[in-house]
Amino acid sequence: MNQGSVQELAALAAGSGQKAKILTVASGKGGVGKTNVAANLAICLAAAGKRVAILDADFGLANLDIVLGISSKYNLSHFIRGAKKLDEISQPVCEGVDIYCGFSGMEYLTHMTDFTRERIVAALDSLADNYDIVIVDTAAGIGKTVLAFCMASDHTLLIGTPDPAAITDVYTLLKVLTINKYEGRTSLLVNMAHDVNQGKKIYRQIASAAAQFLNVKLNMAGVMVKDDHVSLSVQKRAPVVLAYPKSSSTKVLMGVAARISRVPLSCSSDEGFFRKVVNWFF
Ligand SMILES: Nc1ncnc2c1ncn2[C@@H]1O[C@H](COP(=O)(O)OP(=O)(O)OP(=O)(O)O)[C@@H](O)[C@H]1O
Ligand SMILES: [Mg+2]
């Protein structure tokens with residue numbers, strides 16, 4: 001056996017024991033598309049053969065289940081109260097994707113204690129043992145819970161839009177992560193852009209400020225233009241990649257998934273998967 005194949009085997013062996021990559025989707029500003037991006041990325045990654053968990057960490061207004069058209073008897077509140085184990089609250093979304101539903105009102109009404117927050121963040125570790133990728137959808141703002149999930153993740157996917165407030169909020173979140181010595185990777189997806197050029201310009205604006213003032217490398221995840229198919233799919237309670245597989249948003253989301261998983265993906269090669277999974281939803 002040559003040296004190359006020994007190294008390959010060693011890499012394979014190391015890889016097989018590796019934990020899931022935890023990807024947290026965050027933005028600072030609300031209503032920029034975090035939940036839709038998280039839900040659709042999960043489906044795209046499953047199309048690449050990954051086992052994906054998607055966790056709703058928006059304890060103010062949990063709605064990942066609504067976007068995915070899922071209803072679950074149990075959610076993270078049952079896990080926190082000790083009524084259910086983590087694997088007992090999961091619900092299959094489609095082949096390759098399990099959802100861990102959140103619950104609403106906690107952050108705003110009763111205020112989440114540090115203990116509860118730690119318990120949920122710590123649960124990520126055990127989830128990571130059973131999946132290739134764990135995607136966390138977070139709430140708007142840069143509260144303690146959002147930060148805790150970002151800090152615990154390997155990769156934070158920031159979602160910005162052309163709205164100046166959204167640009168400021170993404171930068172502020174990045175700054176707070178840097179101050180807290182976040183060691184993971186950060187990427188930016190510009191959503192709801194008028195066109196690709198506007199999106200790229202916004203990326204360059206934030207990335208150069210991050211490099212200059214924070215000494216942080218912000219990777220480019222992609223640009224999603226304003227697309228009515230996204231809102232139409234929400235009304236259908238199905239992810240846009242399944243409801244409108246030929247839409248521009250699907251193309252971008254497949255590209256983002258490919259960059260995240262480092263597995264080449266294209267819309268056409270995954271049509272078979274999408275067609276099969278569509279039966280789960282419609
Ligand atoms: N590219 C897009 N084009 C058009 N509409 C979009 C696009 N992306 C998201 N939307 C719409 O924006 C709205 C907000 O999306 P979403 O719920 O995913 O945002 P969010 O960041 O998770 O919000 P919150 O901060 O409240 O959790 C939805 O109605 C969705 O249909
Ligand atoms: Mg949301």
Side-chain angles (χ1 to χ4, degrees), residues 23 25-27 29-48 52 54-56 58 60-72 91-99 101-102 104 135 137-140 157-163 165-166 188-200 202 221-260 265-282:
L23 174 91
V25 184
S27 65
K29 191 170 184 317
V32 296
K34 294 179 291 297
T35 300
N36 274 278
V37 169
N40 282 287
L41 279 184
I43 308 279
C44 293
L45 289 163
V52 188
I54 178 159
L55 186 142
D56 193 343
D58 185 345
L61 291 165
N63 60 3
L64 189 55
D65 50 344
I66 294 167
V67 167
L68 283 165
I70 298 289
S71 61
S72 176
Q91 177 88 14
V93 174
C94 65
E95 191 180 315
V97 183
D98 291 335
I99 186 170
C101 289
S104 297
I135 299 179
D137 179 29
T138 62
L157 177 62
L158 297 167
I159 314 290
T161 72
D163 179 342
L188 177 70
L189 173 69
V190 180
N191 191 16
M192 302 194 211
H194 298 305
D195 54 47
V196 174
N197 280 340
Q198 184 198 32
K200 283 183 177 168
I202 290 165
V223 175
M224 239 166 101
V225 297
K226 224 174 188 338
D227 176 10
D228 287 342
H229 292 116
V230 179
S231 21
L232 287 171
S233 72
V234 173
Q235 281 162 32
K236 284 189 175 184
R237 297 188 69 187
V240 69
V241 295
L242 296 179
Y244 302 101
K246 296 197 187 311
S247 65
S248 65
S249 301
T250 298
K251 206 170 154 201
V252 173
L253 288 158
M254 291 295 278
V256 177
R259 279 189 283 283
I260 289 167
L265 265 166
S266 76
C267 293
S268 53
S269 67
D270 292 294
E271 260 174 30
F273 173 88
F274 282 176
R275 220 174 294 128
K276 205 162 46 158
V277 169
V278 156
N279 296 330
W280 288 68
F281 286 85
F282 301 104

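Index from 1, following the sequence.
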Return yes if some donor-acceptor pair links the side-chain N/O of S233 with the main-chain N/O of P239 below 3.5 Å, else return no. no
For residues A39 and L64, report the shortest heavy-atom separation together with the two atoms involved. CB-CD1, 4.0 Å
Keeping R259 on the side-chain end and A221 on the backbone end, is there a donor-acceptor pair under 3.5 Å? yes
Any side-chain heavy atom of V223 within less than 4.5 Å of one from V252? no
Worked verdict on V225 versus M192 for side-chain contact (heavy atoms from CB on, under 4.5 Å): CA-CA 5 Å; V225 297; M192 302 194 211; over 6 Å; no
Let me see the working for I54 and D98 under side-chain contact (heavy atoms from CB on, under 4.5 Å), right down to the final yes or no. CA-CA 6 Å; I54 178 159; D98 291 335; over 6 Å; no
Which heavy atom in S104 sits nearest to a heavy atom in G60, and how many Å separate them? CB-O, 3.4 Å
Sorted by chain and residue number, the salt bridge (charged side-chain N to carboxylate O under 4.0 Å, His left out) partners of D195 (sequence neighbours excluded) come out as none
What are the two closest heavy atoms between C44 and V241, and how far apart are they? SG-CG1, 3.7 Å
At their closest point, which heavy atom of K34 faces which heavy atom of K29, and how far apart are they? NZ-O, 3.3 Å
side-chain contact (heavy atoms from CB on, under 4.5 Å) between L45 and I135, worked out: CA-CA 10 Å; L45 289 163; I135 299 179; 3.8 Å; yes
Derivation of the side-chain contact (heavy atoms from CB on, under 4.5 Å) call for I159 and V25: CA-CA 7 Å; I159 314 290; V25 184; 3.7 Å; yes
Pairwise distance NZ(K246) to NE2(H229) - rounded to 0.5 angstrom: 12.0 Å
Looking only at atom types and distance, does a side-chain atom of N40 sit under 3.5 Å from a main-chain N or O of V240, one as donor and one as acceptor? yes
Shortest non-hydrogen pair, L41 vs A257, comes out as CD2-N, 3.7 Å
S71 backbone acceptor or donor facing D65 side chain under 3.5 Å: no
Measure the CD1-CG distance between I43 and L253 for me, rounded to the nearest 0.5 Å. 11.0 Å
With a 4.5 Å limit on heavy-atom distance, are the side chains of V32 and N191 in contact? no
Nearest 0.5 Å, please: how far is CG in L23 from CG in L157? 5.5 Å
Counting C-beta onward and ignoring hydrogens, is there a side-chain heavy-atom pair between S27 and L158 closer than 4.5 Å? no
Say whether, by atom type as modelled, one donor and one acceptor occur between the side chain of N63 and the main chain of I66 under 3.5 angstrom. no
N36 side-chain N/O to V230 backbone N/O, donor-acceptor pair under 3.5 Å: no
Do side-chain atoms of T138 reach the backbone of D58 as a donor and acceptor pair under 3.5 angstrom? no
Could you state the interatomic distance from CG (L189) to CE (M224), rounded to the nearest 0.5 Å? 6.5 Å
Tell me whether T250 contacts the main-chain N or O of Y244 through its side chain, where contact means a donor paired with an acceptor under 3.5 Å. yes
K200 side chain vs G222 backbone, donor-acceptor pair below 3.5 Å: no
For A243 versus K236, what's the shortest heavy-atom pair and its separation? CB-CD, 4.3 Å
Answer yes or no: is there a side-chain heavy-atom contact under 4.5 Å between D137 and L55? no
Evaluate the side-chain hydrogen bond (donor to acceptor under 3.5 Å, both in side chains) criterion for residues S249 and D227: first the C-alpha distance (whole Å), next the side-chain angles of each, then the deciding distance (0.1 Å), finally the verdict. CA-CA 7 Å; S249 301; D227 176 10; 2.5 Å; yes
